[in-house]
Asker: 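A single structure is presented below for examination.
What you see below is based on every heavy atom in this structure, not just the backbone, and it leaves out hydrogens, waters and symmetry mates. Reminder, nothing fancy here: chain letters follow the sequence lines and each chain counts from 1.
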Number of protein chains: 2
Amino acid sequence: MVTIKDVAKKAGVSPSTVSRALSGNGPVKESTRKKVLDAVKLLDYRPNFLAQGLKEGKTKTIGLIIPNIRNPIYPAVARGVEDAAKKFGYTVILCNTDEDVDTEKEYIQKLQKRWVDGIIIAPASNENEHIVKLQNENFPIVVIVRNVDFLSNAVIIDNYRAAYDAVSYLIRTGHRRIAIVKGNQQLALYRERFRGYKQALLDAGIPVVEELIAGDDSDSVQWTLDGYNAINCLFSQNIEFDAVFATTDLRAIGAIRAIKDHGYKVPEDISVIGFDNLEFSSLIDPPLSTVSQPLYDIGMRAVNKLIPLIDNKTVTEPTIEIMLSELIIRKSTK
Amino acid sequence: MVTIKDVAKKAGVSPSTVSRALSGNGPVKESTRKKVLDAVKLLDYRPNFLAQGLKEGKTKTIGLIIPNIRNPIYPAVARGVEDAAKKFGYTVILCNTDEDVDTEKEYIQKLQKRWVDGIIIAPASNENEHIVKLQNENFPIVVIVRNVDFLSNAVIIDNYRAAYDAVSYLIRTGHRRIAIVKGNQQLALYRERFRGYKQALLDAGIPVVEELIAGDDSDSVQWTLDGYNAINCLFSQNIEFDAVFATTDLRAIGAIRAIKDHGYKVPEDISVIGFDNLEFSSLIDPPLSTVSQPLYDIGMRAVNKLIPLIDNKTVTEPTIEIMLSELIIRKSTK
DNA sequence: CAAAAACATAAAAACGTTTGCATTTACCTG
DNA sequence: CAGGTAAATGCAAACGTTTTTATGTTTTTG
């Protein structure tokens with residue numbers, strides 16, 4: 001490989017002059033700068049990033065830790081992160097944890113070996129002392145999508161509020177027996193959505209009944225399955241309901257499938273509302289009513305929050321940024 | 001930050017001994033190894049990756065360059081790449097080109113600054129001298145998904161064959177007026193699929209007629225739109241057809257929408273077959289018949305092909321690996 | 001025109017590792 | 001128990017940069 005010394009020799013100057021000519025961190029005569037630039041071009045010299053990084057203690061790299069890029073909410077997030085990172089001259093390392101805390105820890109270790117300048121993470125579970133530790137060490141880190149139970153720099157939506165609004169909409173449009181596919185209650189975000197569901201019912205004077213609460217805490221990769229099973233379960237118990245609030249679009253899709261399988265129509269017999277607004281949620285039949293998360297923006301904002309943390313090492317109180325979600329009504333609700 | 005010297009001091013040995021104790025690259029007495037390990041734990045020492053990389057000329061990092069992670073075929077590929085990479089101790093840097101050659105070049109430059117050991121790429125376009133150049137420089141690179149017109153290490157499917165089989169299936173099941181949404185003909189993979197379509201018709205004695213060839217070369221991010229517009233276009237010209245071969249599932253979804261919008265039924269009136277087998281293609285209505293690409297495996301195989309290129313710097317002829325695709329018949333064909 | 005000031009460049013140290021070589025220590029063997 | 005061998009460890013160089021310090025060369029100015 002061609003080094004700065006080769007360039008120096010070719011241009012007839014010292015390595016330090018080459019460095020200055022390229023970085024602009026010092027005076028260099030126009031004529032020599034030209035000689036250097038010519039030599040650089042001639043030899044196709046590219047500075048060794050590792051050496052630079054070693055010297056400066058920075059890598060201009062950030063780690064993005066998410067449960068699974070195949071979960072369709074994450075590509076948009078990843079894209080937002082990458083686009084923003086690129087704008088700041090950073091590159092992104094992608095890490096999938098499969099919802100497993102140990103994998104998450106392992107990746108953090110790996111990333112931390114001083115080569116990423118910061119981390120953006122959608123935590124795998126509610127066990128996150130390792131994240132607290134990182135934060136205490138003043139390592140730049142931003143939590144996204146899944147809020148945690150300690151104060152941290154985070155970019156999320158108000159899951160409680162969003163769920164409350166969605167369920168309130170169902171109530172307002174005449175539904176009274178509203179089932180929920182509740183999601184993994186280990187995760188704060190599903191607890192919040194569940195809480196929103198209950199409060200909306202209570203505020204409307206509708207009792208929260210156990211038999212309408214469906215879904216389990218499994219984390220199957222077949223994400224529609226939970227919704228499908230949950231609704232099938234209701235049918236098999238002959239429980240009546242006129243609407244379903246699914247805590248993700250994928251669960252909603254599974255729910256719709258189950259409803260159709262039992263010969264009922266969406267939304268004529270049963271309304272279904274989802275959560276996430278995946279790109280293809282408008283493409284299914286019927287197009288899904290859902291809560292839209294600004295996933296791309298969450299990714300972008302996370303980077304915008306992270307960079308200052310990396311730059312000014314001034315310690316500031318962590319802040320949570322609440323992004324706006326939006327209720328999108330399509331054809332799966334009447 | 002804590003360095004190897006700190007550990008050495010704490011353990012009462014020299015830095016070289018610490019290095020050997022940790023890497024195993026030399027003899028070290030059991031008792032001293034223990035002292036070192038204790039010191040490491042006590043100080044929470046983590047070797048500086050940059051320094052290691054600088055010394056060894058390797059970063060244990062690979063770059064993955066794809067058009068767009070939001071295009072639903074790529075998450076599976078990315079996951080395959082990451083899982084395999086992890087097995088070999090490598091990490092993955094994700095780069096989205098948005099189908100833009102300049103962005104692609106820019107990323108390659110960036111990655112090449114000696115810090116990725118190899119690159120896996122789904123090229124943005126048919127302009128790829130920069131990839132040829134990389135290959136000639138003996139830089140480890142593997143092409144995936146989108147074949148190129150020069151001999152390279154690649155992991156792809158036989159797009160011609162797969163398209164041929166899909167169209168042949170339509171013919172065998174009684175369709176005669178088969179329209180195609182042809183995809184961007186700048187890209188070899190769509191040319192191949194188009195060629196398969198034509199050959200299948202010819203081999204069955206069915207003429208290839210211009211009016212049934214639809215779709216344009218745009219690369220809109222709204223990937224269903226091309227299929228939607230293409231089919232609408234046919235209807236508006238009053239062209240009759242009894243089947244559609246869409247060159248991607250997303251185009252198929254758009255096509256189905258257009259067909260439904262015009263009051264026809266899939267598959268009773270018009271059959272539709274797609275290409276890719278996206279995770280949600282079985283979830284739409286009707287569940288889509290399609291050609292399955294082993295996307296996850298393509299990612300995995302690409303890494304398995306790349307690692308030897310990185311390790312043995314022995315120059316071997318590039319080889320193309322053809323993965324098997326599979327025709328999956330669901331409910332969108334009769 | 002000489003001395004000071006400003007500018008341009010070179011030399012050397014530093015970043016945190018790994019590793020070849022030299023040295024010390026421990027262990028055998030005759 | 002001396003001498004030889006093997007094992008364990010330390011020293012120093014090297015990886016490719018950037019930056020501080022030192023040196024040499026202009027230019028300015030009284």
Asker: Is the ring pair B:F49/A:W115 parallel, tilted or perpendicular, if the boundaries are 30 and 60 degrees?
Answerer: parallel
Asker: With respect to the phosphate group of C:dA8, does any side-chain polar atom (N or O) of A:T32 fall under 4.0 Å of OP1 or OP2?
Answerer: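 Answer is no, no contact under 4.0 Å.
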Asker: Please report the distance, rounded to the nearest Å, between CG in B:L54 and P in C:dA14.
Answerer: 17 Å
Asker: Counting only side-chain heavy atoms from C-beta out, which of C:dT19, D:dT17, C:dA8 sits nearest to A:P27?
Answerer: C:dA8
Asker: Begin from the C-alpha positions of B:L22 and B:V7 and carry the test side-chain contact (heavy atoms from CB on, under 4.5 Å) through to its verdict.
Answerer: CA-CA 11 Å; B:L22 293 177; B:V7 178; over 6 Å; no
Asker: In whole angstrom, give the distance that lies between atom NZ of A:K5 and atom P of C:dA10.
Answerer: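 The distance from NZ of A:K5 to P of C:dA10 comes to 15 Å, rounded to the nearest Å.
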Asker: Does C:dT18 have OP1 or OP2 under 4.0 Å away from a side-chain N or O of B:N25?
Answerer: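 Looking at the OP1 and OP2 atoms of C:dT18, neither is under 4.0 Å from any side-chain N or O of B:N25.
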Asker: Apply side-chain contact (heavy atoms from CB on, under 4.5 Å) to B:V142 and B:N153, showing your working.
Answerer: CA-CA 5 Å; B:V142 172; B:N153 281 296; 4.2 Å; yes
Asker: Let's see if you can work this out: which of D:dC15, C:dT17, D:dA8 has an atom nearest to the side-chain heavy atoms of B:I4?
Answerer: C:dT17
Asker: Can you find an N or O donor on one side and an acceptor on the other, under 3.5 Å apart, linking the side chain of B:K55 with the base of D:dA14?
Answerer: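 In this structure, the two groups form a donor-acceptor pair.
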Asker: Could you go step by step and tell me if A:D83 and A:K87 meet the salt bridge (charged side-chain N to carboxylate O under 4.0 Å, His left out) rule?
Answerer: CA-CA 6 Å; A:D83 286 356; A:K87 216 163 48 196; over 6 Å; no
Asker: Among D:dT9, D:dT17, D:dT19, which is the nearest nucleotide to the side chain of B:V28?
Answerer: D:dT9
Asker: Send over the distance from A:K9 NZ to D:dG16 P, rounded to a whole Å.
Answerer: 13 Å
Asker: Please work out which residues in residues 41-49 of chain B have a non-hydrogen atom less than 4.0 Å from an atom of DNA chain C and list them by number.
Answerer: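 Contacting residues: B:Y45, B:R46, B:P47, B:N48.
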Asker: How about A:K86: does its NZ atom have over 12 heavy atoms from other parts shown lying under 6.0 Å from it?
Answerer: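 Count over threshold, so yes.
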Asker: Counting heavy atoms not belonging to B:K105, are there more than 12 under 6.0 Å from its NZ?
Answerer: yes
Asker: CG of B:L50 versus P of C:dT17: gap in Å, rounded?
Answerer: 10 Å
Asker: I need the A:D117 CG to A:L306 CG distance, nearest 0.5 Å.
Answerer: 8.5 Å
Asker: Looking at side-chain heavy atoms only, is the closest gap between A:P67 and A:R146 below 4.5 Å?
Answerer: yes
Asker: Does A:N128 use its side chain to pair, donor to acceptor, with the backbone of A:I131 at less than 3.5 Å?
Answerer: no
Asker: Rounded to whole Å, please give me the gap between CG in A:D6 and C1' in D:dT17.
Answerer: 13 Å
Asker: Taking DNA chain C as the partner, which of residues 10-23 of chain B come within under 4.0 angstrom of it by heavy atom?
Answerer: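 DNA chain C contact set from residues 10-23 of chain B: B:S16, B:S19, B:R20.
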Asker: Rounded to 10°, tell me the angle between the two end axes of the helix from C:dC1-D:dG30 to C:dG30-D:dC1, each built from five pairs.
Answerer: 50°
Asker: Measure from the side chain of B:T3, starting at C-beta and using heavy atoms only, and say which of C:dG16, C:dT18, D:dT17 lies closest.
Answerer: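 For the B:T3 side chain, the nearest candidate turns out to be C:dG16.
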Asker: Between A:E56 and B:G26, just flag the one whose closest nucleotide in DNA chain D comes earlier from the 5' side.
Answerer: B:G26
Asker: Counting only heavy atoms not in B:K9, do more than 12 sit closer than 6.0 Å to its NZ atom?
Answerer: no
Asker: Could you give the NZ-to-C1' distance, from B:K29 to C:dA26, as a whole number of Å?
Answerer: 8 Å
Asker: Go through A:T17 and A:K35 one step at a time and tell me if the side-chain contact (heavy atoms from CB on, under 4.5 Å) criterion holds.
Answerer: CA-CA 11 Å; A:T17 303; A:K35 275 192 293 183; over 6 Å; no
Asker: With a 3.5 Å distance limit and no angle check, can you tell me whether B:Q135 reaches the backbone of B:L151 through a side-chain donor-acceptor pair?
Answerer: yes
Asker: In whole angstroms, how far is the C1' atom of D:dC15 from the CD atom of A:Q52?
Answerer: 14 Å
